[in-house]
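Shown next, in structure tokens, is the structure this report addresses.
As the structure lists them, so they are numbered: ligands from 1, and atoms in each ligand from 1.
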Amino acid sequence: MESNKPFCCWVLLAFLILSCFVAQTHGSMMREQRLLHPNKFMLKPYFGVDDTSLFEVIDVVDETNINVLIPQESSKEKDRIERLPGQPPVNFSQYGGYVTVNKSAGRALYYYFVEAHEHSKDTMPLLLWLNGGPTCSSLGYGAMQELGPFRVHSDGKTLFTNKFSWNSAANVLFLESPAGVGYSYSNTTSDYSKMGDRITATDNYVFLVNWLERYPEYKNRAFYISGESYAGHYVPQLAQIILHNNKKAGKTIINLKGIIIGNAVTNYETDEQGMYDYLATHAVVSDRVVSQIQKYCDFSPAANMSDECSVAIGAADGFIIDIDLYNIYAPLCSSPNITFRPKKASIFKFDPCSDNYVYAYMNRPDVQEALHANVTKLTHDWQACSNVITRWLDRPPTIIPLLREFMANALRVWIFSGDVDGAVPVTSTKYSINSMNLTVKTAWHPWFLNKEVGGYIELYEGDLTLVTVRDAGHQVPSYQPARALSLIKHFLDGTPLPGSKRI
Ligand SMILES: *[C@@H]1O[C@H](CO)[C@@H](O)[C@H](O)[C@H]1NC(C)=O
Ligand SMILES: *[C@@H]1O[C@H](CO)[C@@H](O)[C@H](O)[C@H]1NC(C)=O
Ligand SMILES: *[C@@H]1O[C@H](CO)[C@@H](O)[C@H](O)[C@H]1NC(C)=O
Ligand SMILES: *[C@@H]1O[C@H](CO)[C@@H](O)[C@H](O)[C@H]1NC(C)=O
Ligand SMILES: *[C@@H]1O[C@H](CO)[C@@H](O)[C@H](O)[C@H]1NC(C)=O
Ligand SMILES: *[C@@H]1O[C@H](CO)[C@@H](O)[C@H](O)[C@H]1NC(C)=O
Ligand SMILES: *[C@@H]1O[C@H](CO)[C@@H](O)[C@H](O)[C@H]1NC(C)=O
């Protein structure tokens with residue numbers, strides 16, 4: 001993670017020394033294990049210019065929705081993917097290609113679209129999935145390791161079926177954003193040092209409007225946005241632009257019905273407190289160190305980090321470094337090399353070396369050709385988390401006001417949490433929701449799948465739902481594919497997860 005170094009320049013000196021030390025240590029681990037972390041910037045979330053103002057809406061359309069429509073080179077039929085290399089036979093259509101989001105700069109975002117099965121695609125909703133990071137790929141994580149129809153074998157060239165793919169519940173759109181992530185690019189390479197929350201939200205919006213021109217049959221379809229981790233920022237920020245632009249235009253440009261975010265970064269202060277409390281109560285970080293953190297660290301947005309706090313956080317990092325923070329009970333990847341023959345794979349047993357298989361697959365020229373990706377022959381390789389984006393300009397400390405706005409506008413809001421994630425743990429999510437002082441509608445209770453507790457659920461007035469997924473790490477569908485599918489089906493249907501074994 002050498003490329004992380006520049007970020008250190010904007011933080012306090014003591015913090016700098018400690019976090020660079022951590023980055024270095026992680027770096028040596030990651031060189032062996034290759035991109036263990038889908039959220040490489042997460043341990044130290046404040047970097048770049050600290051923007052403590054709330055996210056403001058950027059008007060990217062006028063009343064007639066003219067500004068945002070950009071002439072595009074491709075079409076739905078050109079973007080159809082005949083077959084991915086090494087793919088098992090399927091009964092649904094796949095598409096992939098670029099949508100230009102800024103003509104003058106030459107920015108284009110890559111998408112991969114998996115329709116539902118032939119007989120249900122016309123009635124099922126449209127679901128966008130976003131991964132976080134920031135700068136991690138929704139194709140490399142969401143599609144190929146979590147909720148997409150395929151997973152990559154250890155040979156890095158053949159695929160196997162995910163029978164819990166979310167395209168049995170929706171038409172699923174994966175977007176690599178912002179430019180510089182995955183196959184998405186900018187011809188103005190100086191853009192890569194100007195990425196942040198605002199440009200991500202704006203470009204994602206421009207993407208959607210233009211994507212719907214290419215797929216007009218989805219224009220009035222019920223639309224939902226989902227995502228994980230740092231997409232706890234992306235999802236609400238995009239939803240807010242959609243809401244505001246629909247209002248401004250006086251018509252439904254995008255038929256947004258709800259959002260769902262998992263192990264999501266939502267509120268810096270409670271996210272941080274919750275992380276250390278979780279790690280102490282799960283016997284990872286010592287009680288002594290966490291009590292120091294509680295004593296010396298003020299995570300409120302305006303506060304500066306004290307030297308005592310930096311020292312305590314450095315000590316906590318020492319306890320975390322040798323486990324997979326994103327699933328505190330998961331094995332590490334011990335033999336990262338691609339194998340000549342595929343190892344026996346199971347959808348029920350997530351392979352901790354999957355990042356390596358996906359990296360190999362995505363960098364194959366035949367795969368890129370089939371996906372209609374990398375058509376401009378980029379000079380860098382495909383990475384699960386970008387190493388061309390070198391700065392992150394803006395990041396508000398909370399998105400909770402956006403959640404309130406959605407509740408006031410009758411959007412469905414679900415927040416889920418895999419309960420063995422240590423990076424954005426369930427404790428953080430509970431603290432963040434508690435900070436909203438909502439009225440409980442249906443108190444905490446288990447939900448069931450196949451006669452087992454799938455997790456716990458609490459419903460609040462205003463259509464906000466908290467759902468935990470039992471024994472799932474940060475990437476919930478990777479670790480609990482059946483529970484995750486049940487979760488998304490109930491979210492999309494707007495029905496409560498079964499609170500009884502008998503259903
Ligand atoms: C595709 O659909 C046909 C007919 O419904 C079915 O027999 C076949 O098993 C399906 N194939 C896959 C891979 O799902
Ligand atoms: C295109 O991106 C550039 C930054 O690269 C920005 O200055 C410009 O305003 C953008 N144009 C539009 C129409 O959004
Ligand atoms: C970027 O530049 C290449 C090469 O000139 C061109 O083919 C491509 O269309 C450009 N991309 C965008 C989004 O304008
Ligand atoms: C944090 O540090 C900055 C720069 O040294 C200073 O201007 C600001 O007042 C400090 N804030 C607090 C809450 O101490
Ligand atoms: C893994 O691959 C690397 C680079 O190709 C090679 O040097 C190393 O020997 C391989 N390790 C094993 C255990 O095969
Ligand atoms: C794009 O293609 C070039 C040339 O084949 C390759 O070197 C590069 O790694 C690829 N980049 C991405 C992002 O796929
Ligand atoms: C929630 O309630 C607490 C205690 O009553 C209060 O201090 C806090 O300001 C409230 N927060 C919000 C966002 O309403």
- Task: Please say whether Asn187 places an N or O atom under 3.5 Å from an N or O atom belonging to ligand 3.
- Result: yes
- Message: Quick check against the 3.5 Å criterion: does Tyr361 have a side-chain atom that pairs as donor or acceptor with the backbone of Pro85?
- Response: yes
- Just jot down the ligand 2 atoms closer than 4.0 angstrom to any heavy atom of Ala105, in number order. 2 (O), 5 (O)
- Message: Any donor-acceptor pair under 3.5 Å linking the side-chain atoms of Tyr112 with those of Gln94?
- Response: yes
- Task: Using salt bridge (charged side-chain N to carboxylate O under 4.0 Å, His left out) as the criterion, list what pairs up with Glu217, not counting sequence neighbours.
- Result: Lys76
- 4.0 Å heavy-atom contact, Lys194 with ligand 2: no
- Query: For residues Ser428 and Asp271, is any side-chain donor paired with an opposing acceptor at under 3.5 Å?
  - Reply: no
Every pair of nitrogen or oxygen atoms between ligand 6 and the protein that is under 3.5 angstrom apart - can you list them with their distances to 0.1 Å?
residue  : atom   : partner : partner atom : Å
ligand 6 : 2 (O)  : Asn374  : ND2          : 2.2
ligand 6 : 9 (O)  : His380  : O            : 3.3
ligand 6 : 11 (N) : Asn374  : ND2          : 3.0
ligand 6 : 11 (N) : His380  : O            : 2.6
ligand 6 : 14 (O) : Gln368  : NE2          : 2.8
ligand 6 : 14 (O) : Asn374  : ND2          : 3.1

- Item | For Thr100, atoms of ligand 3 separated by under 4.0 Å from a heavy atom | 13 (C)
- Name the orientation class of the two ring planes belonging to Trp382 and Tyr359 (parallel below 30°, tilted from 30 to 60°, perpendicular beyond 60°). tilted
- Return yes if some donor-acceptor pair links the side-chain N/O of Gln72 with the main-chain N/O of Thr100 below 3.5 Å, else return no. yes
- Donor-acceptor under 3.5 Å (Thr200 side chain, Gly196 main chain): yes
- Element-labelled atoms of ligand 3 that are located less than 4.0 Å from some non-hydrogen atom of Lys103: 14 (O)
- Any sub-3.5 Å donor-acceptor pair from Ser154's side-chain atoms to Ile338's backbone N or O? no
- Would you mind listing which atoms of ligand 2 come within a distance below 4.0 Å of any non-hydrogen atom of Asp191? 4 (C), 5 (O)
- Flag yes if more than 12 heavy atoms outside Asp122 fall under 6.0 Å of its CG atom; otherwise flag no. yes
